[in-house]
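Residues take their numbers from the sequence shown, with the count starting at 1. All values reported here derive from a predicted model rather than from experimental measurement.
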Amino acid sequence: MNDITIREYREADRVSLETFELSGKQQVYSSLPKEVLGDAVSDPDRTACVVENGEGEIVGFFVLHKYYQHEGYDTPHEVVYIRSLSINEKLQGRGYGTKVAMALPQYVQGKYTSLDHLYLVVDAENQGAWSLYERAGFMHTATKEDGPIGKERLYYLDLDQKYVHNVKLALDESVDLPHVRLDIILNQKEKVGYIEGKADKEVLRIIHLYTEAPERNRGIASTALRQLGTFLRRNMADIRELTVNVDDAAEKIRLFERVGFVKFDEDENARLYKKYINY
């Protein structure tokens, strides 16, 4: 699969964007670049961005919109929204969408160092898109029933932390249920940690999370946990809920809270956190 580069739009890109194609169904979910380019170029709060492959072809397009407020959602003022993200239909099916989604957090972090909140809105029926964003670490934070074409889902990413876009999970098939072990793979080949758990009907209890050399691999644990829900929906569809007992270590508490776990109960020795993943 070709490498990609994300960069700001240049006027020389206009010709390529004029011939950018989306199917009729895809245009229900996202605008063609030529339809939104004028507003993006003329508005200082918007930045048009393109995605190039290794051959210099423009394979994707999106707009970053600072301080945007999407109708129906109460989001902070110091925020960036991703809007009109699409992959050229002529070049779809080659994995570019996955690569773009995984690279977005780091790209936006580098571009907007003073802003901590990143959002995007996806039509609920476009499951392929929102599953992709969840794998990239975005968290489903709200649902709106009456969007332009029906139900919408708001996704959020906290930019005030480290993201690693080339992390994936792999099921260790040598471990038998109810025990579960998921290897954390970096750069498609290097095993850098694992998540161990125990399945009980619809619940997976996380027993242990380990990453090698955390000072070198900062961000890998949170990236793996963000991908966990989507991975389980695809590979262990019966699991609907994650639980974990977190001790008093503030760093561990912040880790699980940042990836969507909510404190459910507390006793003297441990804190129970839960996250619903099948919806």
Side-chain angles (χ1 to χ4, degrees), residues 1 4 6 17 20-36 40 46-51 53 58-65 68 70-73 75 79-108 117-159 163 165-169 223 226-235 237 259-260 276-279:
M1 185 165 58
I4 61 165
I6 300 176
L17 294 180
F20 197 103
E21 296 180 5
L22 293 175
S23 69
K25 183 177 181 180
Q26 290 169 336
Q27 290 183 55
V28 172
Y29 301 130
S30 183
S31 301
L32 285 165
K34 64 183 180 182
E35 296 173 345
V36 298
R46 305 188 208 191
T47 302
C49 300
V50 300
V51 183
N53 64 14
I58 292 181
V59 303
F61 174 86
F62 61 93
V63 175
L64 296 176
H65 195 165
Y68 176 67
H70 192 90
E71 183 179 356
Y73 299 107
T75 51
V79 66
V80 181
Y81 267 81
I82 299 170
R83 305 183 64 190
S84 303
L85 192 155
S86 60
I87 302 296
N88 193 331
E89 185 183 24
K90 294 180 292 187
L91 297 168
Q92 290 175 11
R94 307 183 188 184
Y96 290 125
T98 298
K99 279 207 161 189
V100 172
M102 295 296 184
L104 272 171
Q106 289 178 308
Y107 178 75
V108 179
H117 307 286
L118 179 63
Y119 286 90
L120 57 84
V121 174
V122 186
D123 293 293
E125 67 177 41
N126 191 5
Q127 183 174 355
W130 55 257
S131 294
L132 189 66
Y133 294 129
E134 288 183 2
R135 280 207 313 281
F138 287 83
M139 292 189 295
H140 176 216
T141 188
T143 299
K144 179 182 175 184
E145 298 291 336
D146 56 346
I149 65 169
K151 188 180 293 186
E152 291 179 339
R153 298 164 71 94
L154 179 70
Y155 280 88
Y156 169 69
L157 199 75
D158 179 3
L159 291 175
Y163 291 92
H165 75 266
N166 49 356
V167 168
K168 72 173 186 177
L169 298 174
T223 300
R226 282 186 174 82
Q227 295 183 22
L228 183 56
T230 300
F231 182 89
L232 292 174
R233 281 198 296 275
R234 291 185 169 188
N235 296 277
V259 298
Y276 296 100
I277 63 168
N278 205 326
Y279 38 75

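- Although no hydrogens or angles enter the test, the distance criterion places a donor-acceptor pair under 3.5 Å between the side chain of Asn88 and the main chain of Lys90.
- Between Ser86 and Ser31 the shortest heavy-atom distance is OG-O, 4.4 Å.
- When all heavy atoms are compared, the tightest approach of Val259 to Met139 is C-SD, 3.2 Å.
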Decide side chain to side chain contact (heavy atoms under 4.5 Å, CB included) for Met102 and Gln227; before the verdict, give the C-alpha distance in whole Å, the side-chain angles of both, and the deciding distance to 0.1 Å.
CA-CA 11 Å; Met102 295 296 184; Gln227 295 183 22; 4.2 Å; yes
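- Counting only heavy atoms from C-beta outward, the side chains of Leu169 and Asn235 never approach each other to under 4.5 Å.
- Note: Lys151 NZ to Asp123 CG = 12.0 Å, rounded to the nearest 0.5 Å.
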Determine, step by step, whether Tyr29 and Leu22 satisfy the side chain to side chain contact (heavy atoms under 4.5 Å, CB included) criterion, reporting the C-alpha distance in whole Å, the side-chain angles of both residues, the deciding distance to 0.1 Å, and the verdict.
CA-CA 10 Å; Tyr29 301 130; Leu22 293 175; over 6 Å; no
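- Side chain of Gln92 to main chain of Ile87: a donor-acceptor pair is present (N/O by atom type, distance under 3.5 Å, no hydrogens or angles).
- Between Phe231 and Lys168, the closest side-chain pair of non-hydrogen atoms is not below 4.5 Å.
- With a 4.5 Å cut-off on side-chain heavy atoms, Leu118 and Pro105 do not count as touching.
- Val50 has its side chain out of reach of Phe20: every pair of non-hydrogen atoms, C-beta onward, lies at least 4.5 Å apart.
- Within the 4.5 Å cutoff, no side-chain heavy atoms of Val51 are placed close to those of Tyr96.
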Check the pair Val63, Thr47 against side chain to side chain contact (heavy atoms under 4.5 Å, CB included), reporting the backbone distance first and the verdict last.
CA-CA 6 Å; Val63 175; Thr47 302; over 6 Å; no
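- No donor-acceptor distance shorter than 3.5 angstrom exists from the side chain of Gln26 to the backbone of Glu89, with no hydrogens or angles considered.
- Side-chain contact between Leu85 and Leu120 is absent, with no heavy-atom pair separated by less than 4.5 Å.
- When all heavy atoms are compared, the tightest approach of Tyr133 to Ala101 is CD2-CB, 4.4 Å.
- Of all heavy-atom pairs spanning Leu132 and Gly97, the tightest one is CD2-O, 3.4 Å.
- Residue Gln27 holds its CD atom at 4.0 Å from CG of Leu32, rounded to the nearest 0.5 Å.
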One pair to check against side chain to side chain contact (heavy atoms under 4.5 Å, CB included): Tyr107 and Val100. What are the steps and the verdict?
CA-CA 10 Å; Tyr107 178 75; Val100 172; over 6 Å; no
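- Classified by interplanar angle (parallel below 30°, tilted 30° to 60°, perpendicular above 60°), the ring pair His140/Tyr155 is tilted.
- For the pair Leu17 and Ile58, the minimum side-chain heavy-atom distance is below 4.5 Å.
- If you take CD on Glu145 and CD on Glu152, they are separated by 10.5 Å, rounding to the nearest 0.5 Å.
- Rounding to the nearest 0.5 Å places CG of Leu64 at 6.5 Å from CD1 of Ile82.
- Of all non-hydrogen atoms in Ile4 and Ala103, the two that sit nearest each other are CD1-CB, 4.5 Å.
- Considering all non-hydrogen atoms of both residues, Thr75 and Tyr68 come closest at OG1-O, 4.2 Å.
- Here the side chains of His70 and Arg83 are not in contact, with every heavy-atom distance at 4.5 Å or above.
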